[in-house]
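Notes follow the structure.
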There are 2 protein chains.
Amino acid sequence: MKKEPTLNNTLICKGRILAIKDTMEILSGKWKFHILGTLMQGDKLRFMDLLREVDGIGAKMLSKELQDMEMNHLIKRTVLNTKPVTVEYEMTEYGKTLAPIIDEIAKWGIGYRASLFSKTD
Amino acid sequence: MKKEPTLNNTLICKGRILAIKDTMEILSGKWKFHILGTLMQGDKLRFMDLLREVDGIGAKMLSKELQDMEMNHLIKRTVLNTKPVTVEYEMTEYGKTLAPIIDEIAKWGIGYRASLFSKTD
DNA sequence: GAAACTACTTTCCTTTTGGAAACTATTAGC
DNA sequence: GCTAATAGTTTCCAAAAGGAAAGTAGTTTC
């Protein structure tokens, strides 16, 4: 009894799986979607704003995740010449292409909440 | 100089962020999207099939992630009465509602690959 | 000059995640 | 009886993720 390849291993399949892997590597971690979702609503936010808005995150994590996403050109960091220096973060145009993902995730989460009440399993 | 709430903290905002958090908690970890993407293409897959298809995963992780997703009603486990017992995994109808998310993630990943070549930053 | 604000960074620690390898149990083939 | 396949579980360990608190540095306000 030999084992035969059960899945159709076309290039399309492999490419799709690889694409999923790529995306999730860039958006890995506990906070990225949370931060992105927040940044998409308030278009320019300062570090301390994010620290207050993103519920539960600490300065270290926020700093690290922001750097991470800046490197991937998803967000833009701007230092302002104010008295106590302030820094603004905002989505880049490229980062905004993530909107459909974020929207679908938010939509699904809302439906999930609803399904917890009306058990139509 | 007092600090004022900079974001419009409407219920819609909070709900959206909460929804994102909910979804990502259910789909956390290195492998879930990978497994789900695979299961969406080949509709019924056995444990060993998945072990071979999901590149790099080990038996322990696969087992754990499958249990996790079964508990959340995203996938269904069926034990078959074959000589060496086989087990089939497939998406539930509910699990299939994740398709838009997976599709958007795959789509974005494909675009990301493309952008690595044509640098139009 | 002490306190408070900005935006971090650093240190130290715990928890979580993930992986390799070995092991369980059953059945089939040689 | 040995090997191999099925589907896992268990153990042991390393690495990564994440958090709390303190520290750095510059400026302004009292």
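By convention in this document, chain letters (A, B, ...) are assigned in the order of the sequence lines, proteins followed by strands, and residues within each chain are numbered from 1. Since the model is a prediction, treat every value here as computed from it, not as a measurement.
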Rounded to the nearest Å, what distance is computed from the [atom1] atom of residue [X] to the [atom2] atom of nucleotide [N]?
X: A/E25; N: C/dG18; atom1: CD; atom2: P; result: 12 Å
X: B/I35; N: C/dG18; atom1: CD1; atom2: C1'; result: 13 Å
X: B/L45; N: D/dG8; atom1: CG; atom2: P; result: 13 Å
X: B/N81; N: C/dA28; atom1: CG; atom2: C1'; result: 16 Å
X: B/K32; N: C/dT16; atom1: NZ; atom2: P; result: 14 Å
X: B/M48; N: D/dT9; atom1: CE; atom2: P; result: 14 Å
X: B/F47; N: D/dA5; atom1: CZ; atom2: P; result: 15 Å
X: B/L62; N: D/dT9; atom1: CG; atom2: P; result: 10 Å

N or O in side chain of [X] less than 4.0 angstrom from [N] OP1/OP2:
X: B/R52; N: D/dT6; answer: yes
X: B/S63; N: D/dT9; answer: yes
X: B/R77; N: D/dG8; answer: yes
X: A/Q67; N: C/dT9; answer: yes

- All salt bridge (Lys or Arg N to Asp or Glu O under 4.0 Å) counterparts of A/K107, not counting sequence neighbours: A/E104

- Considering non-hydrogen atoms only, spot the tightest contact between B/G58 and B/L51 and give its length. C-CD1, 3.7 Å

- Task: Locate the shortest heavy-atom distance separating A/L39 from A/I75; write the atom from each residue and the value.
- Result: CD1-CG2, 3.7 Å

- Query: Of the candidate nucleotides D/dA7, C/dA7, D/dT9, which contains the atom at the shortest distance from the side chain of B/V87?
  - Reply: D/dA7

- Item | Listed nucleotide nearest any side-chain atom of A/P84, set C/dT6, D/dT6, D/dA7 | C/dT6

- Message: Need the pair for C/dT26. Rule: Watson-Crick or G-U wobble, both distances under 3.5 Å, any strand; none if unpaired.
- Response: D/dA5

- Report which part of the nucleic acid B/E88 touches: base, sugar-phosphate, or nothing (heavy-atom distance under 4.0 Å, all strands). nothing

- Query: Once the angle between the rings of B/H34 and B/W31 is folded into 0 to 90°, is it parallel (under 30°), tilted (30 to 60°) or perpendicular (over 60°)?
  - Reply: tilted

- Query: Honestly curious: do A/I102 and B/Y112 fall in one hydrophobic cluster under the side-chain, below-4.5 Å linking rule?
  - Reply: yes

Table of protein N/O atoms under 3.5 Å from nucleotides 12-22 of chain D N/O atoms:
residue, atom, partner, partner atom, Å
D/dG18, OP1, A/K30, N, 2.9
D/dG19, OP1, A/K30, NZ, 2.7
D/dG19, OP2, A/W31, NE1, 3.1
D/dG19, N7, A/K60, NZ, 3.0
D/dG19, O6, A/K60, NZ, 2.2

- Query: Do B/Q41 and A/I17 come close enough that some side-chain heavy atom pair is under 4.5 Å?
  - Reply: yes

- Examine B/W108 together with A/Y94 and report whether their ring centres are nearer than 6.0 Å. yes

